[in-house]
Amino acid sequence: MQKPSIPKGTRDFGPAQVARRQHIFNVIRRTFESFGFAPLETPTLENLSVLTGKYGDEGDQLLFKVLNSGDFAKDVTADDLATGSKALLPKVAEKGLRYDLTVPFARYVAMNRGTLTFPFKRYQMQPVWRADRPQRGRYREFYQCDADVVGTDSLLCEAEIVLMMAQVLDGLGLHDFTIKINHRGVLRNIYQALGGEGRETDLFVAIDKLDKIGRDGVSKELLERGFSEPTIETLFALLTVEGTYEEKLQRLLAGFVTAGVEPDGVRPTTADVEADSPEPLANYRGLTELAQVRDLLTASGFRQFDRLEFDPTLARGLSYYTGCIFEVKINNVQMGSVSGGGRYDNLTGSFGLPGVSGVGFSFGVDRLYDCLEALDLFTVTGETPTRCLITHFDVASGRAALPLLAELRAAGIPSELYPDASKLQKQFKYADAKGIPLVIIMGPEEAAAGVVKIKIMQTGVERVLPMGEVVAALTAE
RNA sequence: GUAGAUAUAGCUCAGCUGGUUAGAGCGUCGGAUUGUGAUUCCGAAGGUCGUGGGUUCGAGCCCCAUUAUUUACCCCA
């Protein structure tokens with residue numbers, strides 16, 4: 001006999017876990033829909049040509065590929081085998097499991113461009129797969145909940161992302177969170193302020209690690225990558241600006257002006273948004289847009305600015321983001337980010353639809369679950385939806401209970417009849433173990449008298465009711 | 001891909017310097033109570049000590065290999 005097992009990085013979810021996960025999904029879905037996002041689902045499998053090249057070399061390594069059906073090796077030649085996996089792969093696998101929800105979404109938008117009404121707002125809650133090494137908060141199969149808007153570059157979308165992040169986390173009871181926001185334009189300006197020395201991506205990769213490896217670690221890495229010491233000094237002066245959201249914007253502005261950074265101008269946006277923006281920031285796109293997002297949040301009634309932090313060190317990989325970027329962490333839990341996102345100006349370009357601006361973000365349900373568990377914040381309990389268990393002792397009383405069972409279900413009370421005429425003790429243990437709040441006792445005595453005994457498990461109180469009044473009494477409570 | 005840790009009952013784990021028949025708690029099942037759960041008492045079942053080899057009079061314990069799991073790095077949700 002073999003030991004049963006499941007692939008590493010995957011999990012089974014028992015009834016209690018599913019109930020808790022559904023609660024998380026419900027909070028997210030309600031929030032997304034209240035902001036006008038419509039649901040979309042895409043296939044588990046995508047063509048590999050859609051997936052490869054979108055996540056960098058490392059991302060391609062982490063894709064799960066699916067062998068072709070039938071004789072998958074029929075096109076493989078001896079040459080291919082000698083050349084190695086790169087030559088082999090396209091001949092044996094043409095499909096793969098989706099790696100995220102953003103790329104399939106971009107593919108969908110490009111394919112359906114003619115029928116979509118823009119701006120197009122969609123949300124998507126589906127599993128994704130990554131052939132990663134599993135560890136804390138990292139799985140090979142996990143759910144993402146994405147919401148994206150494409151076809152508008154209004155900064156209202158960015159502001160609403162912050163609103164949705166806060167609403168979901170508050171709705172889950174995860175009140176102690178920090179939403180970090182930055183802008184790729186700010187990062188680019190910082191790079192320019194350093195005189196354009198070294199490679200831009202090296203710089204961002206290094207500063208993204210600031211909170212992890214510290215200032216000394218980052219300096220060391222930058223020195224190794226060919227940045228000079230005075231440059232690194234300037235960099236830290238800019239990165240470590242302190243103060244409120246506004247103060248950091250002003251201090252970075254001063255830094256950019258001092259360093260002689262060429263203003264990159266303001267991206268055209270709607271007139272009223274521009275009118276709200278503070279004048280002195282208008283020369284740098286990143287700073288300006290961050291100020292506008294803050295103003296839109298204020299106007300929307302957002303009051304949690306203590307939980308929104310402008311963090312110039314936030315870089316979020318370097319994938320396709322071009323504007324604002326976001327990342328959310330739950331405080332006092334050792335867990336990676338539970339949400340992240342940003343604006344991309346050309347996501348659908350590689351699918352033949354250039355110039356479509358979009359902005360979106362994603363929640364990691366599995367990490368939210370782990371955070372709620374670590375902080376002991378779950379309010380959803382229970383192994384079963386059953387609210388009422390009918391117990392019985394013999395075939396006759398069991399049959400006599402069937403009309404009542406149907407009546408309870410018709411009245412919207414999830415109910416079950418214990419299937420076997422077991423000892424009453426066993427039936428009660430069943431109800432207790434599953435957290436069923438009500439037990440109806442239907443024995444020969446009750447059946448003969450046309451009554452039932454109802455016990456409220458939590459209090460232990462019992463009372464006798466005529467059969468015909470049971471549903472009315474229960475629904476009245 | 002790099003580095004470390006762990007592997008003993010269904011679950012969580014003890015097991016001393018290598019020494020008789022490998023233990024506990026929880027869970028499961030049965031009984032005390034032939035019609036009452038969560039509390040109490042009694043009892044039972046449940047083990048190839050991950051796998052293979054080695055050292056030894058003797059290995060759960062020491063050595064080697066191997067597999068699985070897990071943590072950290074890289075990257076990410």
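The figures that follow rest on heavy atoms only: side chains count, while hydrogens, waters and symmetry mates do not. Numbers restart at 1 for each chain; the letters A, B, ... are given by sequence-line order, proteins then strands.
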Could you check which of [options] has an atom nearest any side-chain atom of [X]?
X	options	value
A/Q425	B/rA77, B/rU33, B/rG35	B/rU33
A/L424	B/rG37, B/rU36, B/rC76	B/rU36
A/K426	B/rG30, B/rG35, B/rC76	B/rG30
A/K429	B/rA38, B/rC76, B/rU36	B/rA38
A/Q135	B/rG37, B/rA77, B/rA72	B/rA72
A/E445	B/rA77, B/rU36, B/rG35	B/rG35
A/P444	B/rU69, B/rA77, B/rG35	B/rG35

Pairing nucleotide - [N], Watson-Crick or G-U, each distance under 3.5 Å:
N	value
B/rU21	none
B/rA68	B/rU6
B/rG47	none
B/rC76	none
B/rA38	none

May I have the distance from [X] (atom [atom1]) to [N] (atom [atom2]), rounded to whole angstrom?
X	N	atom1	atom2	value
A/F363	B/rA77	CZ	C1'	11 Å
A/H392	B/rU36	NE2	P	16 Å
A/D432	B/rA38	CG	P	6 Å
A/K8	B/rU67	NZ	P	11 Å
A/D394	B/rU34	CG	C1'	13 Å
A/R138	B/rC74	CZ	P	10 Å
A/Q124	B/rA77	CD	C1'	15 Å
A/Y55	B/rA77	OH	C1'	13 Å

| With sequence neighbours left out, which residue pairs that include part of residues 35-52 of chain A fulfil the salt bridge (charged side-chain N to carboxylate O under 4.0 Å, His left out) condition? |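 Sorted pair list: A/E46-A/R107.
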Quote, to the nearest angstrom, the [atom1] distance that separates [N] from [M].
N	M	atom1	answer
B/rG15	B/rC75	P	39 Å
B/rU55	B/rC63	P	15 Å
B/rA14	B/rG25	C1'	10 Å
B/rA24	B/rC62	P	24 Å
B/rC61	B/rG19	P	11 Å
B/rG10	B/rU28	C1'	8 Å
B/rA44	B/rC49	C1'	23 Å
B/rA9	B/rU56	P	30 Å

| So which one's nearest nucleotide on RNA chain B is more toward 5', A/P134 or A/Q458? |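 Of the two residues, A/Q458 wins.
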| query | RNA chain B: A/Y99 or A/I6, which has the more 5' nearest nucleotide? | reply |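 Counting from the 5' end, the first nearest nucleotide belongs to A/I6.
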So what does [X] hit on the nucleic acid, given a heavy-atom distance under 4.0 Å: a base, only sugar-phosphate, or nothing?
X	value
A/K423	sugar-phosphate
A/E462	base
A/R136	sugar-phosphate
A/S337	sugar-phosphate
A/E141	nothing
A/Y139	base
A/T391	nothing
A/G59	nothing
A/I441	base
A/K453	base

Can you confirm if the aromatic rings of [Y] and [X] lie within a centre distance of less than 6.0 Å?
X	Y	result
A/F32	A/Y123	yes
A/Y143	A/F25	yes
A/F378	A/Y369	yes

| said: For a quick test of reading the model: is some side-chain N or O of A/K434 closer than 4.0 Å to OP1 or OP2 of B/rG37? | reply: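 No, A/K434 has no side-chain N/O under 4.0 Å of OP1/OP2 on B/rG37.
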| message | Quick check with a 6.0 Å cut-off and a 45 degree axis cone: is A/R21 positioned over the face of A/F13's six-membered ring? | response |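 Judged by the rule (NZ or CZ under 6.0 Å from the ring centre, within 45° of its axis), A/R21 counts as positioned above A/F13.
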| Does any donor atom in the side chain of A/Y139 or A/D132 lie under 3.5 Å from an acceptor atom in the other side chain? |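 Not at all, the side chains of A/Y139 and A/D132 share no donor-acceptor pair under 3.5 Å.
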| request: Please evaluate the base of B/rC76 for a donor-acceptor partner in the side chain of A/R367 within a cut-off of under 3.5 Å? | output: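 Yes, a donor-acceptor pair under 3.5 Å.
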| message | If stacking means aromatic ring centre less than 5.5 angstrom from the base's six-membered ring centre, planes under 30°, is A/F142 stacked on B/rA77? | response |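 According to the criterion (under 5.5 Å, under 30°), yes, A/F142 stacks.
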| Is A/K121 salt-bridged to A/D148, going by a charged N under 4.0 Å from an acidic O? |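 Answer for the salt bridge query: no.
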| query | In terms of side-chain geometry, is the basic nitrogen of A/R11 or A/D366 positioned less than 4.0 Å from the acidic oxygen of its partner? | reply |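 A/D366 and A/R11: salt-bridged.
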| query | Distance-only, no hydrogens or angles: does the A/K180 side chain make a donor-acceptor pair with backbone N or O of A/F310 under 3.5 Å? | reply |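 Judged by distance alone, no pair lies under 3.5 Å.
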